[in-house]
Each structure stands twice: as C-alpha cells, then as structure tokens.
Amino acid sequence: MHRIALKMLFGDSAKFYGILLGLTFATLLITQQSAIFVGLMTRTYALIEEVPQVDLWVADPTLQFVDDTKPMSVTALDRVRSVRGVEWASPLFKSILVAKLPNGGRQLCDVVGVDDATLIGAPALVVEGKVEDLRRPDAIFVELRGANKQLMQPATDDPNGPKRPMRVGDILELNERRAEVVGIADTRPTFQNVPTIYTTYRRAIGFAPENRRTLSMVIVKAAPGQDIVQLQQRIAAETGLSAYTPAEFGWKTLNYWMTQTGIPINFGMAIVLGFLVGVAIAGQMFYNFTLDNLKYFGAMKAMGATSRQLLGMVALQGLSAGVLGLGLGLGLTAAFGLSIPADRLAFKLTWHLPIMSATAVTIIVVGASALSMLKVIRLDPKEVFSG
Amino acid sequence: MIEMAAIDARGLQKTYGTGDAAVTALRGVDLTARYGEMVALVGPSGCGKTTLISILAGLLSRDGGMLQLAGVDPDALSNHDRTLWRRHNIGFVFQQFNLIPQISVVENVAIPLLLRGDSRNSSIERAAAMLQRMGLQGREYSRSDKLSGGQQQRVAMARSLVHEPRILVCDEPTSALDGATGQRVMELVREQGCREDRLVVIVTHDDRIFHFADRIVHMDDGRVTRVTDAQVEIAALRAAFAAEKDSA
C-alpha cells in the first residue's frame, strides 16, 4: 500500500507541486534568514576569534560588546600584568578612524593596534607581506576584503578610470599621519563591514585623535596550570576590570546584539513568516489533498483497510512531501549561500539550521497530517454508499 | 456443497439519532439469501436500502434483531476484527466506482489483495488476470480516469471480485452508466460474479436490470414489503406494459 500512497501523492501533480513549493519555500525562507542571522551575529565577535591564543580578554566593566571599546587607564596593562597567574598580557587598541585614501577619498576603517613587541593579536592568515613588517615605520596591514572593495584605488592616473585593489606599497593617511600598506591579511568579516587595519599599538595610538589615545583592552595568557576562573576573579579583584574568556566575551557580545537591537525581531519575523507560508500553502494543500482523497480512503476502509494502514499511507505521504520539500529548500539555501560572496552577505549555514528547518517542516507536515488523519479515522465507511 | 445461508437476518432494526430527532431506518427486516443467487434490493428513496446494505456489508451495526453473514454475526466482532472479516468476505461495487485516479487500473484492482498482505507481484498478477476476465486486457496500466464509465465500472467489478469474496455488494452499479453499458456491466456481474459459493446483493432503482436478479426484495418505510421471483415479476411487468399499450 506504500507504493499506492506515494503514487496518490505524486500523481496529483497540481497539489503535489503546490505542497512541495510551499514546503520548499518555507524551508528556504526559514533556513536562509536564519543563516544570514547567524552569519551576522557571528561577525559581531569576529575579532575575538581572530586572536585564538588568548585565555582572557580584560576590559572596562561597563563594556557591553567587543566593539564597544571603553577607554582604560594606561596603567591597566601593568596592573593586569602584576596579577599572579598571568603569563603575559598585551595591550590592544581598537577604534574606528577615518582613512584618507591615495586618491583623496575617505573611508571609515576599524583600526586594531597590537602589542609592539610580540605582535600578539596580529592577523594569522597573511596573504601578502610578513607580520614582522608591522615593525617598519608607518606600517599597516589591511584586510583582503577591504583592499578589494572599499579601499580600491584607480588603476591609472584617471581617477574615474578602472580600479585596482589596494596593495603593498600604497600610502594612506590616518589622522593626517602617513601609513604605508606592508601587507594584506585575510581575516574574518566583521559586523560593521568596514575595512580593518592592523598596526602596532603605539602607532595606532598615534593614528587616533587625542581624546581616543587610550588602551581599549588587555589580552591575557594564563600561566600553565592556572585555573582560569580563579584568574578571572583575581584580575577583577585586583584591577577593578572585568576579565572574560573568549567564549564569555563572544556570548556577551552576542547577547548585546540579541537583546539590545531589533535584529533578532526582524529576522525572527522573517522566519515566522516562512513558517506561516509553509502552514498556509503546504499544510492547507496537504489537508485538501487528503480531503480530496477521502472517498478513496473510505472505499479502502470499506474494503477492509485498517485505520493503521490508512494512517500509515497518510503519514508516508506527509513524510515524503516533507523530506522532498526540506531537501529542495536546503539545497536552494546552500546554493544561495554559495552564490553570494561573503563580503556581500553574512551567511553561515551551521549544522543547527537544517535541524531547525527540519523541525519546522516536521511541525507543518505532522500538523497537516494529523488533521488529515483525524478525518480519515472519523471516516464512516458506510458513507461510500451514499453515492 | 454450501448449506449455510449467506444472509440470515431477522427483525433487523436501526434508528439514527435520539429523542425527537430519531429517524427509524429499519423496522424489523427479515431477509434470507442463499449462496449462488443474486438478490436485488429495490424501493423508493429513504426506504432503508442503504442502511440495510450497510448492515449486510458489515459496515454498520444494527440496533436490534439477529443477523448471520456467512455464518458470522459481524456485531459480535470487535471493530478491528470486523474490518478484517470484511476484507476477506465482502466485495464492493460502488455507484461512483471510487477508483483511485492517480494509480493504474491494475493497481486499483489489486488493492483488496494488497490490503490483506499479499505480495505486490502476485497481487498485480492476479489483478491482471481478473481484468482479462472483465475484457480489459491491454488496459492494465492505463489511469482509471482515462477509461469510459462502463470500463471504470468493469474495473470496479474486477476489484470487487479479485479476492474472491463470499458476498458481493453492489450499490446502484448502473446508475452512472447509460442503458446499454449498464446491461453489459450487469451481464458481467451475472457471468463473473455469480457462483455457487457467492451471494450477490444489488441495490438498484434501475428496473431495466431487475431481470438479472433471481429475487427482488421490495422495501418501503424500513420494511421488506415483499420478495418476488425476478422472472415472475418481469413477466408481470411485461404483461402490464402490453395491456397498457393495447388499451392505448
């Protein structure tokens, strides 16, 4: 009877394609919007992931997220270094500054200053140049996406002519100070989607306007065997600053964007809309499909089909439509994600999202199937004689 | 040699609803039918034919009276057992055929076999053989909605007989067909359906097919008013028709 159930579903082309379209579209909407949301949220703590060797991030206690840099006293670095259990601590500067480009254009850039001595915090994936070149006078690294997009320069003397990516040797101005590109790095895209410039801490302080020439954060490596929680408590107690593990800092940042902005509501609405589209189109069509076939189910019931056999048929039909719709929807979502460059759209299809979409599709299909099954169970086989 | 009556019904009663809204459909129906015969249930709309055939097919429980169908009282069975009993013992021909349009003709016919758990191959094989007996060879893999009304009813006939039921129940089998097609379908019912170990019960309004039956059970207001020999009744009808024609 399973084959008959499937043929009943696939044979009713109009309804089958309607159900499939509804489920596919619902899956696409739910998964795609969720993936963009996850992509965006992941970008909010990209800087934290860029510095994997760090055990603790120390910042002002009022800081709400990683980009919300609060000025700290310059003595904070030494105070942190003096805490027992700290193997090393490095300063980190982070601020949005305006860069004057070689062609005279201006561009907001996220400037990150890393420890002059150790260069801890500098980008790990260098595409061109060497990290050590940051020690050269006026040296900066720019990140690849920015170099290929916002920081592009005229390829010829004609300012309106074709453009080329920013490259090693190009000269910028940051706060009227000369900055020379000595390297290109491939870093994680950030939420603000402005080019990131890496340089040394002291140079970054110099690039910044006077009122922003302060320490943003201190990154800490715990001594071997040091209990991280205890170290966090000691830093807080002895310096009055807050110390976060990378995971805590990431969650803190994520939590800020989730609770203090309208982003989750906007994406949540799109996801709910996708679910409702699935319910409205696919759920209703599946229910109508069963209603249309009720007389055949009735005839089969009269002929001796048990309720279990009929429910099995309805369940198989629902399951098949669900699996196909889900598969197509996920495939289209993946194709969408692959077709859009990462610098244009934050898109991150984690393993959780297909499970979430599958759950949503399951709810739609199970709901529609359950209603349909109810009709089938309540079906009085003698009604087949009413003509 | 089958000795037991296919249907032994005494004082069957059935009422729908309760109180002021109660409608009595059967008021003590007595009916006995043997294997090997074809019985036609006739009567005006609302006389209780559908209720009676539903009870005789094991689809509806009675409120009163006694019933043995192929030696079994269906009301003594649980719902599940009654479904299984129906699966093996009853064949159905419906007024509107109720063939599933999305599947092939042969699969439609195979449904009773598939329901009882026969393998797909053997079910399809037997269904194809039954279609051949119904003169539908070459149509096995057509969609049922591509067939004419007469062909569809022959497919429905094949479906009703493929599992060799003890009782074949036909509900207005010719009402959706033109006269000539209806006659051909009834010839098939007579030819393929009637066997010495099977009872055929037909509910019909169509007096053109009365002569196919062995007996005609007349119903009115929930009662069996008379049971006549079909041939005697046809002869009487013909005589009345001739007399009317002469007087005109």
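Basis for what follows: all heavy atoms, side chains included, without hydrogens, waters or symmetry-related copies. Quick caveat: nothing in here was measured; it's all calculated off a predicted structure. Chain letters run A, B, ... following the sequence lines, proteins first and then strands; every chain starts at 1.
For Val203(B), no part lies under 4.5 angstrom from a heavy atom of chain A. For a residue to count as touching a neighbouring chain, one of its non-hydrogen atoms must lie under 4.5 Å from one of that chain's; by this rule Arg82(B) does not touch chain A. Looking at Leu99(B), the atoms closer than 4.5 Å to chain A (heavy atoms on both sides) all sit in the backbone: N, CA, C or O. Contact annotation for Ile90(B): neither backbone nor side-chain heavy atoms come within less than 4.5 Å of a heavy atom of chain A. Proximity to chain B (any heavy atom under 4.5 Å) is restricted, for Arg3(A), to the side chain, taken from C-beta onward. Within the 4.5 angstrom heavy-atom criterion, no atom of Arg116(B) approaches chain A. For Ala110(B), no part sits under 4.5 Å from any heavy atom of chain A, backbone or side chain.
In this structure, Gln68(B) places its CD atom where more than 12 heavy-atom neighbours from other residues, nucleotides or ligands lie under 6.0 Å away. By the neighbour-count criterion of 12 heavy atoms within 6.0 Å, atom CD1 of Ile265(A) is sparsely surrounded, having that number or fewer from other residues, nucleotides or ligands. The number of heavy atoms from other shown groups lying within 6.0 Å of CE (Met269(A)) does not exceed 12. In this structure, Phe25(A) places its CZ atom where only 12 or fewer heavy-atom neighbours from other residues, nucleotides or ligands lie under 6.0 Å away. By the neighbour-count criterion of 12 heavy atoms within 6.0 Å, atom CD of Gln13(B) is densely surrounded, having more than that number from other residues, nucleotides or ligands.
Note on Val169(B), Ile55(B), Ile111(B): by heavy-atom pairs under 4.5 Å with chain A, the leading option is Ile111(B).
The CG atom of Asn98(B) sits 12.5 Å away from the CZ atom of Phe297(A) when rounded to the nearest 0.5 Å. To the nearest 0.5 Å, atom CD of residue Gln309(A) and atom CZ of residue Arg87(B) are 4.5 Å apart. To the nearest 0.5 Å, atom CG of residue Leu59(B) and atom CE of residue Met303(A) are 11.0 Å apart. Atom-to-atom distance recorded for Gln102(B):CD and Phe16(A):CZ is 12.5 Å, nearest 0.5 angstrom. Taking CD of Glu107(B) as the reference point, atom CE of Met8(A) lies at 11.5 Å (rounded to 0.5 Å).
Under the 4.5 Å side-chain criterion, counting only non-hydrogen atoms from C-beta, Ile100(B) is not in contact with Lys7(A).
When the options Asn108(B), Leu114(B), Leu115(B) are evaluated for a side chain to side chain contact (heavy atoms under 4.5 Å, CB included) with Ile4(A), the one that passes is Leu114(B).
Of all the heavy atoms in Ala302(A) and Phe92(B), the pair that sits closest is O-CE1, 3.0 Å.
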